[in-house]
Structures are given as C-alpha cells and as structure tokens.
Amino acid sequence: MYPIVEKKILSENVKQLVVKAPLVAKKVKPGQFIILRIDEKGERIPLTIADSDPTQGTVTIIFLEVGKTTKQLGTLNVGDTLENFAGPLGMPSEVKKYGTVVCVGGGVGIAPLYPIVKALKEAGNFVISILGAKSADLLLLEKEIHAFSDEFYIATDDGSKGHKGFVSDVLQQIIDKHKVDMVMAIGPIIMMKVVSNLTKKYNIKTLVSLNPIMVDGTGMCGGCRVSIDGKTKFACVDGPEFDGHKVDYENLTLRNRRFIHAEGDACKLAGV
Amino acid sequence: MSVRKTKYEMPEQSPQERIKNFKEVPLGYSKEIAIEEAKRCLQCKNKPCMKGCPVEIDIPGFINSIARGDFEKAAEVIKAKNNLPAISGRVCPYEEQCEGQCTLKKLGEPVGIGRLERFIADYERQKGKKPPKKPRTIGKKVAVVGSGPAGLTCAGDLARMGYAVTVFEALHDPGGVLMYGIPEFRLPKAIVKSEVDYIKSLGVEVSYDIVVGKTITVDELMKDYPAVFIGTGAGLPNWLNIPGENLDGVYSANEFLTRVNMMKAYKFPEYDTPVKIGRVVATFGAGNVAMDCARTSLRLGAEKSYILYRRTEAEMPARAEEIEHAKQEGVIFKLLTNPIRFIGDEKGILKEVEFLKMQLGEPDDSGRRRPVPIPSSEEKLAIDTALVAIGQSPNPLIPQTMKDLKIGKHGNIVTDDDGRTSIPGIFAGGDIATGAATVILAMGAGKRAARAIDEYLKKK
C-alpha cells in the first residue's frame, strides 16, 4: 500500500499527488513513469513522474482527470492509499550536453517535462522552455520550470498569458534566432506532431514522450505498441521517449481511442 | 481380474452451459470414482510413469494410497515433490508426460494420473490444507524473481530446505502466466491463490510491484542475497508482422488474456479494465494459448470465434483435450489459412483479414510439414477482433540490464540443465531459459535449480 502524503489541486481537473513509494523514489530518473492501481478492482494506468524525493521516499504525479480511474484518483486525499505503484518504468531521457535545447510542454505534459528541464540544465545545456496551455489558469509548474530555464516563454490559446497562439509559433521564432541542437516536446499528441513537423524542416533532433494505453508496463502485453519509422515498438520498455520525426501520430491517436466507449460507460456508472 | 481399458470419465459442464460462464469446465472425480480409477494402476515395479514426470512425483505411490482410500497419505506423497498439485493437476500435458509412459497404454487408455493428482489436490484444499512442518532454518537468503510456475516451485523447494526466500513479482498478483495467461475456466484464480498461500505458509515472502531490472537490479539483489533465481518467463508477444497489425481491434494474446484473466475485464464495469471484441473474433495460431483466446471470446459473447492456422489439425501444438473442448464449444477452425494483411475502415478500426490458402509441402526443421501458399488464393473474412497467439519470446527486461549474463540467440538466458547461468550465484529456469514451453517443464526447472542453489550455497 502506498499512502498519499500531499495533495494539491492545480486547476479544476488537474491534481497533484505526492505518494510515498521509497523504492521508486530511490531509482527514478527523468522521463520515466509509474503504473498505479487504486484498489483491487482498479485498472492499471501509466502516469509520468513530475518529481521525486529520494530522502523522503516520495514520488510526485500530476494528472488530468479524463477517465474513470483518473477521476477517482482525483477524489483521494492525504491519508488515503493506493493499492499498487510500480516503477520506475521505461527508459530514462537521454540527458547529456547537447548545447542549446528547447523544452516544449503542453497542458499536463508540462509535469513530466519539469525533471527533464532540470536535468538538461544541470548537464550544462542552454535551456529554453516554452509552456503552452488553453489559458493562463491551466499552466503548471511555471515558477519551477522558469527557475531552471535560460529563456522562458508562454503561449496560451486565448492569449490570457504570453503569446496568443501555439507553442509552435514561439518555437519558430526561437529557431529563427538561435541554433537549436535538440527539442524535447511533451504534451497532447497534436502538439508533439506539430512540433516534430516544424523541427523536421530544420533537421533538429526532436524527442517526444508518448503515453499510449498500457496494461502491465513490463513489455508483456504489447497494448502500448507504437509505430516508429514503420517498426513496432513498445512504449513501456522501448520508450516512452522516441524520435519525434519517426512517430506515426495518427496510429497513436487511433489506438488511444480504443476503449473510449467503455470509459464513458464506466464514468457514468461510477458517477464521476 | 481384467483391467478396465478406458479411464473413468471426469464429469464436465456441458458445452452449451459453459460458454455462458467462466466457471471451470471439468468438475473433477468423486471419491468413489477416484478409488476405482486408482485401482486400474498396475503398480509396475519399474515405474515408467515417473520417467515422464519433470517434478519427480512418486506416481505409483500416491495412486496406491488413493486405491486404499487414504487420501491424506496420497497428498503427502505428492507434496513431498510437488508444492503446486492443484495447478499441475489441471494444466499439465499428462498425455505427453506421465500418462504417455503408462504401461496400460498398451491395452487401451493410461491411468488418469492427471485427474487423480487434481482429485487429491482438491480434496486437500476443500478439507483445509495441513500446515506444513516448519523447516529448520539455515539462515541463508535466496531471491526469486518472478512468481510464475518456475519461481514458485524453486521458492517452495528452497524454503523446505530451510532457506529464507523472497519472491519479487512485477505485477500486483502472484502466479505469472497462471494468473494473467491461463483462463479462469481452465485454472480458477482462487486455486492459484490457494497454492501460493501454501508456498507462503512454508515461509516464503512475496513482494509485489517490484520490477526487477527497474525498481531494483539483479546486481543490487546480489548484495543481500547470495543466490538469485530468475524465472521471468516468456512475456514478449510475437507478431505476425503483416500490414494493419496496429489497427484498433488487433490484440496480442497476452493483452487480451491479461485484460480478461488478471484484470477481470469479463466483470467490467464491476472491475475497471475493459475489453472489446465485437461479434466476430479470429484467433491466429493453434497452441493452447490460441485455444484459450478462442474459447474466452465465446464466453465474452462473440457470435463467431475462428481459429486461423496455416497448417492442419495434425500439426497443431495445442493439447488434444484443448482442441476437443474448443470444437465442442463451437470454435470454427479455418485450417491451411495464412493471414497476409488486416484491413481497417477510414477510422482505423479493424474490419477484415485477408489470407492465402496453403498446402502442406516438405517437412521443415521442426519435423512438421511446411505450409506453402497456393498462388492467387486470396480470400477475405469480415472480423471485429483479431487475437495474435503465435507464441512469446523471453522477457527482455533482465537480460537488457545485465551485461555479463550470457544470452542466447532468442533472447533467452543461457543455463545448464540445472539452471546455472554464466554468472556464479545467478540461476534461471522456465520460459526465460527455454523459450515458451509448458507449466510443468518450468516447475521441473525450478525444482532442479533449487537443488543447484542448495549445492552452491553449501559450498560457499
């Protein structure tokens, strides 16, 4: 059992939980994820890791309430426990000195970007961060990411903060000004696709973090398979980060909708 | 006195009834029938049946006890060698193992050794298992990675020798393939849990959510445990590698069965994990796992459940009993059929499979006649779900994280017959060493490795 030791409501449907999981906290590296199950009848869901504290033995997760499990997770409070919390899973981000890196985070994808920004900065890179959200109140970890960024930009769809428009507009301006050596993009599939299409024109190495549906998270079921350069890879063990220029985003979008009807039914029945 | 030539029948749920539920299909022998079946045993002096038993059970010994009505003694004889009889008594391919060697086969059918093992295991469980004698502790620790049949057997045997054993399991339930792979109607999960409880009663600790290679490495385990046994199984699904395999509606057998068995998707929405199969399901492959997929589909409400296989029934790797059960339940076999692509609609949802008809040619390396395509024989079949059950490869998580461990060309950990790997103190067995095989062979490997570990630690 894994107790929840801290809870923050970041926006109406984005919550942050700090979970006591000492073995995971000791091992976690930027870019990795965990799989949790709330209770005996729960589904196993993957969530990327926003932060960790090996001395306290805690792991921070930030999630958007989209389906039955995340909505139920959002109702839990400090003192409640999770039945299972396994990890850290997946391959860590390739953190090294690239030179100038641009870290692009969209929506709840900003959360897993944070440890990567931190690590890339500590590895000696010139870090430019661009955070995007629908509106200013949905931006996450602004201060935290700003603190580790040499340059820092915001884009909102409604213009309530920063540039009015998409993160890719800001990225275009940066590419026009700087020689960019690597782009790391985590966010909605459409954002990662647009960013990858842009950087491909300039031949800039681009990594994206994919979040397909998973079951076991250990390479056993293949439910999380993604098509990378025409080859089938498992996001749980080969990823979750892949070359953004080689991802088949259409297939990923399609596979993430596999259980959309069942998810709706489950939410209705559970009244969440 | 003449011996009855055929086994006593074991009652089963009727096919019409059982395709509507997930309850076990065979119902087991009664006491009276078990005694009669046991009396068929000739008690051969040379015990040929035992040569076919990977876990070395004194088969004539326990059958003799049953014939005398002493079921407790029979349980004791089995348990002396096999800690998981309720499992092997259900899923072991006896016809190729013990029963394949039985002298009675020359006259007719062998003694129903598997059925008798199952009877004793069930008798003991229903009566309440006798708590085992606490073994004398040696004060040495062993780590076992994976709680499938190999790991549980190795852990149980080591505990009985007095070692302090901890099993590290990646998932939230124990049992490995016994839990996620084999369906409830063939191996009820309550029985797996009860067998695991017995292993725990021997003093074995089981830790869940520990993905060895990620949460903790084998090298780290070696600091606390002078010996480590790796039994992580064949968890990596093989694919057909044909176009359209990533469409919505195509599952690996592992994903489909894990959702249904371990995550209990058949009880959705009481349980949160969904599964979606539509009206027509096609399973590719013809092993036991394929039969499990096809039969599970019927129980989930599929109107038609096909098995598509590129050879003929004679080459099917599944046990005869599983094929028979599938046929009784209405699974439709399309043989000499090789899929060439999956076709989806404009939304990317699976609609059809296209296949070529095959004919059998010359034998291949496996000794089975090689299927060759008949030119221009393309046909299509409208399906809602495709289940790919063409085998599994060893799980790569541990091999990936251990540079010095010798790995075979199929991704398996290389071991000798007793499970010794290229690194002293590290042992492996079951599917991770052999590639996908059977539960009983994994149990046998766990047993031999336990002896090798004991020998290694005694010298240390």
Side-chain angles (χ1 to χ4, degrees), chain A residues 2 21 23-24 26-27 32 34-45 67-69 72 83-91 213-227 232 234 237 248 250-259 261-263 265-270, chain B residues 169-173 176-177 180-181 207-217 220 232-239 241 245-259 262-265 267-276 344 347-349 388 392-393 395-397 400:
Chain A
Y2 304 85
L23 288 176
V24 183
K26 206 168 118 186
K27 271 288 155 61
Q32 291 187 296
I34 54 98
I35 285 206
L36 65 77
R37 196 175 67 135
I38 297 175
D39 56 36
E40 289 264 299
K41 293 183 175 175
E43 191 172 8
R44 292 171 68 92
I45 62 157
K68 200 246 170 188
T69 302
Q72 189 187 344
E83 182 77 22
N84 302 97
F85 196 87
L89 301 170
M91 305 299 277
I213 295 170
M214 292 185 188
V215 184
D216 62 289
T218 64
M220 187 187 85
C221 84
C224 68
R225 64 192 186 276
V226 287
S227 177
T232 294
F234 290 0
V237 289
D248 181 343
E250 278 69 34
N251 187 247
L252 176 62
T253 308
L254 155 86
R255 291 189 56 80
N256 272 358
R257 300 169 70 92
R258 289 198 289 155
F259 299 105
H261 295 295
E263 195 65 64
D265 294 348
C267 288
K268 237 181 269 168
L269 277 159
Chain B
E169 169 55 48
L171 299 174
H172 57 261
D173 271 331
V177 71
Y180 72 73
S207 294
Y208 301 101
D209 300 334
I210 310 278
V211 185
V212 173
K214 294 284 177 189
T215 315
I216 190 163
T217 63
E220 286 167 318
T232 46
L236 186 71
N238 295 343
W239 298 102
N241 294 315
E245 207 161 19
N246 291 345
L247 288 169
D248 179 357
V250 184
Y251 295 83
S252 74
N254 273 0
E255 181 184 3
F256 175 69
L257 292 173
T258 302
R259 284 181 178 273
M262 193 175 76
M263 305 310 298
K264 303 214 179 327
K267 292 185 180 172
F268 179 86
E270 184 197 343
Y271 283 74
D272 288 341
T273 304
V275 72
K276 167 182 86 171
K347 288 183 196 147
I349 296 169
V388 180
Q392 288 93 238
S393 301
N395 190 301
L397 266 187
Q400 264 171 13

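All chains are named by letter (A, B, ...) in the order of the sequence lines, taking the proteins before the strands, and each is independently numbered beginning at 1. Reckoned from all heavy atoms, side chains included, excluding hydrogens, waters and symmetry mates.
- A 4.5 Å side-chain heavy-atom check between Gln32(A) and Leu89(A) finds every atom pair outside the cut-off.
- Most heavy-atom pairs under 4.5 Å with chain A: of the set Asn395(B), Thr215(B), Asn254(B), Leu171(B), this distinction falls to Thr215(B).
- Neither the backbone nor the side chain of Val388(B) comes within less than 4.5 Å of any heavy atom in chain A.
- Looking only at side-chain heavy atoms (C-beta outward), Met214(A) and Arg44(A) stay at 4.5 Å or farther from each other.
- Across Met262(B), Glu245(B), Lys264(B), Arg259(B), the residue that shares the most heavy-atom pairs under 4.5 angstrom with chain A is Arg259(B).
- Looking at Lys68(A), its side chain never comes within 3.5 Å of a backbone N or O of Asp272(B) through a donor-acceptor pair.
- No part of Gln392(B) comes within reach of chain A, as not one of its non-hydrogen atoms sits under 4.5 angstrom from that chain.
- In summary, the side chains of Tyr2(A) and Asp209(B) do present a donor paired with an acceptor at a separation below 3.5 Å, with no hydrogens or angles considered.
- For chain B, the nearby part of Asn251(A) is the side chain; its heavy atoms alone come within less than 4.5 Å.
- Contacts of Arg225(A) with chain B are made by side-chain atoms alone, with heavy-atom separations under 4.5 Å and no backbone atom involved.
- With a 4.5 angstrom heavy-atom cutoff, Asp248(B) touches chain A via backbone and side-chain atoms both.
- Ser252(B) places a side-chain N or O within 3.5 Å of a backbone atom of Cys221(A) that can act as its donor or acceptor partner.
- Between chain A and the residues Thr258(B), Asn246(B), Leu236(B), Ile216(B), the largest count of heavy-atom pairs under 4.5 Å involves Asn246(B).
- For Tyr180(B), the part lying near chain A is the side chain, with the backbone staying farther off; criterion is any non-hydrogen pair under 4.5 Å.
- When heavy atoms are compared at a cutoff of 4.5 Å, Lys347(B) approaches chain A solely by way of its backbone atoms N, CA, C and O.
- Side-chain atoms of Arg257(A) and Glu263(A), non-hydrogen and from C-beta on, never get closer than 4.5 Å to each other.
- Using a 4.5 Å cut-off between heavy atoms, Pro269(B) contacts chain A through its side chain alone, with no backbone atom that close.
- Phe259(A) is not listed as a side-chain neighbour of Glu43(A), based on a closest heavy-atom distance of 4.5 Å or more.
- Annotation: maximal heavy-atom pairing with chain B below 4.5 Å, among Asp265(A), Asp216(A), Val215(A), occurs at Val215(A).
- Looking at Phe234(A), only its side chain comes within 4.5 Å of chain B, counting heavy atoms on both sides.
- Most heavy-atom pairs under 4.5 Å with chain B, from the set Leu269(A), Thr218(A), Leu23(A), Ile38(A): that is Thr218(A).
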Verdict with reasoning, Ile35(A) to Phe85(A), per side chain to side chain contact (heavy atoms under 4.5 Å, CB included): CA-CA 6 Å; Ile35(A) 285 206; Phe85(A) 196 87; over 6 Å; no
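- In this structure, the side chains of Ser227(A) and Thr232(A) stay at 4.5 Å or more apart for every pair of heavy atoms.
- With a 4.5 angstrom heavy-atom cutoff, Ile210(B) touches chain A only via side-chain atoms.
- Between chain B and the residues His261(A), Met220(A), Lys27(A), the most heavy-atom pairs under 4.5 angstrom are made by Met220(A).
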Verdict with reasoning, Glu220(B) to Lys214(B), per salt bridge (Lys or Arg N to Asp or Glu O under 4.0 Å): CA-CA 11 Å; Glu220(B) 286 167 318; Lys214(B) 294 284 177 189; over 6 Å; no
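- The part of Glu40(A) that comes within reach of chain B is its backbone (N, CA, C, O), which places non-hydrogen atoms under 4.5 angstrom from that chain.
- A pairwise comparison of heavy atoms in Arg255(A) and Ile213(A) identifies O-CD1, 3.5 Å as the closest pair.
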